[in-house]
A.B. asks: 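Can you read through this structure? Questions will come right after.
Just so it is clear, the structure is predicted and the values come from calculations on it, not from any experiment. The residues of the chain are indexed from 1 along the displayed sequence.
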Amino acid sequence: MTSFFRTIKQFLFPTSKSYDSSNNQVTNGGISMKKVSIRVAGSVQGVGFRFSTKLVADQIGVYGIVRNESDGSVYIEANGDPEKIDLFIEKIRNSPSPSGYVDSIIVEELPSLKIRDKFTISN
């Protein structure tokens, strides 16, 4: 039981932040974080794509932003546990909106992205 409390303490009161360049994940008090930008093209505007993306992010426990771009694509920034981010990317790849479809997706790991503590829709 003491390891449980130690983990909770590390989560609530992180003592150090370090960056491991070998896997592009930030470590915060023993908790790994992956930060990605995602550009999605296809039928992704006017079909509830941003709203559905937020629902998926909230369900998985990923934080970030989603916004429409002037070229018809959707831009997403996401941060969270590496496994959750990978699941989130897969859900986006398969279009979270039943009315939309994804032609292409570009994912880039960017350790310099701002860490967000909720998922918001922009525009």
A.B. asks: Which atom pair, heavy atoms only, marks the closest approach of Val36 to Leu113?
C.D. replies: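 Here Val36 and Leu113 meet closest at O-CD1, 3.3 Å.
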A.B. asks: So which atom in Leu110 and which in Ser37 form the shortest heavy-atom distance, rounded to 0.1 Å?
C.D. replies: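 It is CD1-OG, 3.6 Å.
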A.B. asks: Run the numbers on Ile89 and Ile38 for side chain to side chain contact (heavy atoms under 4.5 Å, CB included), then give the verdict.
C.D. replies: CA-CA 8 Å; Ile89 292 168; Ile38 306 168; 4.0 Å; yes
A.B. asks: Among pairs that include at least one residue of residues 88-99, which meet salt bridge (Lys or Arg N to Asp or Glu O under 4.0 Å), considering only residues two or more places apart or in two chains?
C.D. replies: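 Sorted pair list: Glu90-Arg93.
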A.B. asks: Could you give the distance from NZ (Lys35) to CD1 (Ile85), rounded to the nearest 0.5 Å?
C.D. replies: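 Answer for the NZ-CD1 pair, Lys35 versus Ile85, is 11.0 Å.
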A.B. asks: Kindly indicate whether the side chain of Ile115, heavy atoms from C-beta on, has any atom under 4.5 Å from the side chain of Met33.
C.D. replies: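 Yes, side chains in contact.
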A.B. asks: Report the C-alpha distance between Ile92 and Val40 in whole Å, list the side-chain angles of each, state the deciding distance to 0.1 Å, and finish with yes or no for side chain to side chain contact (heavy atoms under 4.5 Å, CB included).
C.D. replies: CA-CA 8 Å; Ile92 298 303; Val40 187; 3.6 Å; yes
A.B. asks: Calculate, to the nearest 0.5 Å, the distance between atoms CG and CZ belonging to Asn68 and Phe49 respectively.
C.D. replies: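 Taking CG in Asn68 and CZ in Phe49, the distance rounds to 10.0 Å.
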A.B. asks: Checking Glu109 side chain against Lys34 main chain: does a donor-acceptor pair fall under 3.5 Å?
C.D. replies: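 Not confirmed, Glu109 side chain does not pair with Lys34 backbone.
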A.B. asks: Minimum heavy-atom separation for Val47 and Gly100, please, with both atom names.
C.D. replies: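 Smallest heavy-atom distance, with atoms named: CG2-CA, 3.8 Å.
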A.B. asks: Heavy atoms only: give me the nearest Ser99-Ser43 pair and the separation to one decimal.
C.D. replies: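 Scanning both residues completely, I find the closest heavy atoms to be O-OG, 4.3 Å.
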A.B. asks: Under 3.5 Å, side chain of Lys84 to main-chain N/O of Val62, donor-acceptor pair present?
C.D. replies: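 Flag not set: sc Lys84 to bb Val62 has no pair under 3.5 Å.
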A.B. asks: Would you say Ile121 ends up clustered with Ile60 if hydrophobic residues are merged whenever their side chains have heavy atoms under 4.5 Å apart, either directly or through other cluster members?
C.D. replies: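 Shared cluster, yes.
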A.B. asks: Find out whether Val66 and Phe51 are in side-chain contact, i.e. whether some heavy atom of one side chain is under 4.5 Å from a heavy atom of the other.
C.D. replies: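 A side-chain contact under 4.5 Å is absent here.
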A.B. asks: Which pairs with one or both residues in residues 111-123 pass salt bridge (Lys or Arg N to Asp or Glu O under 4.0 Å), sequence neighbours excluded?
C.D. replies: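 Sorted pair list: Glu77-Arg116.
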A.B. asks: I'd like to check Asp58 versus Tyr63 (side-chain heavy atoms, cut-off strictly below 4.5 Å). Are they in contact?
C.D. replies: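 No, side chains not in contact.
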A.B. asks: For Phe119 and Ile76, what are the C-alpha separation, side-chain angles and deciding distance, and is it a side chain to side chain contact (heavy atoms under 4.5 Å, CB included)?
C.D. replies: CA-CA 10 Å; Phe119 200 94; Ile76 303 166; 4.2 Å; yes
A.B. asks: Looking only at heavy atoms, what is the nearest atom pair of Ser73 and Gln45, with distance?
C.D. replies: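 Looking at all heavy atoms of both residues, the shortest contact is O-NE2, 2.8 Å.
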A.B. asks: Can you list the residues that meet the side chain to side chain contact (heavy atoms under 4.5 Å, CB included) rule with Arg67, with sequence neighbours excluded?
C.D. replies: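 With neighbours one apart ignored, the set is Ile65, Glu69, Tyr75, Ser122, Asn123.
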A.B. asks: Looking only at heavy atoms, what is the nearest atom pair of Gly72 and Val44, with distance?
C.D. replies: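 Taking every non-hydrogen atom into account, O-CG2, 3.5 Å.
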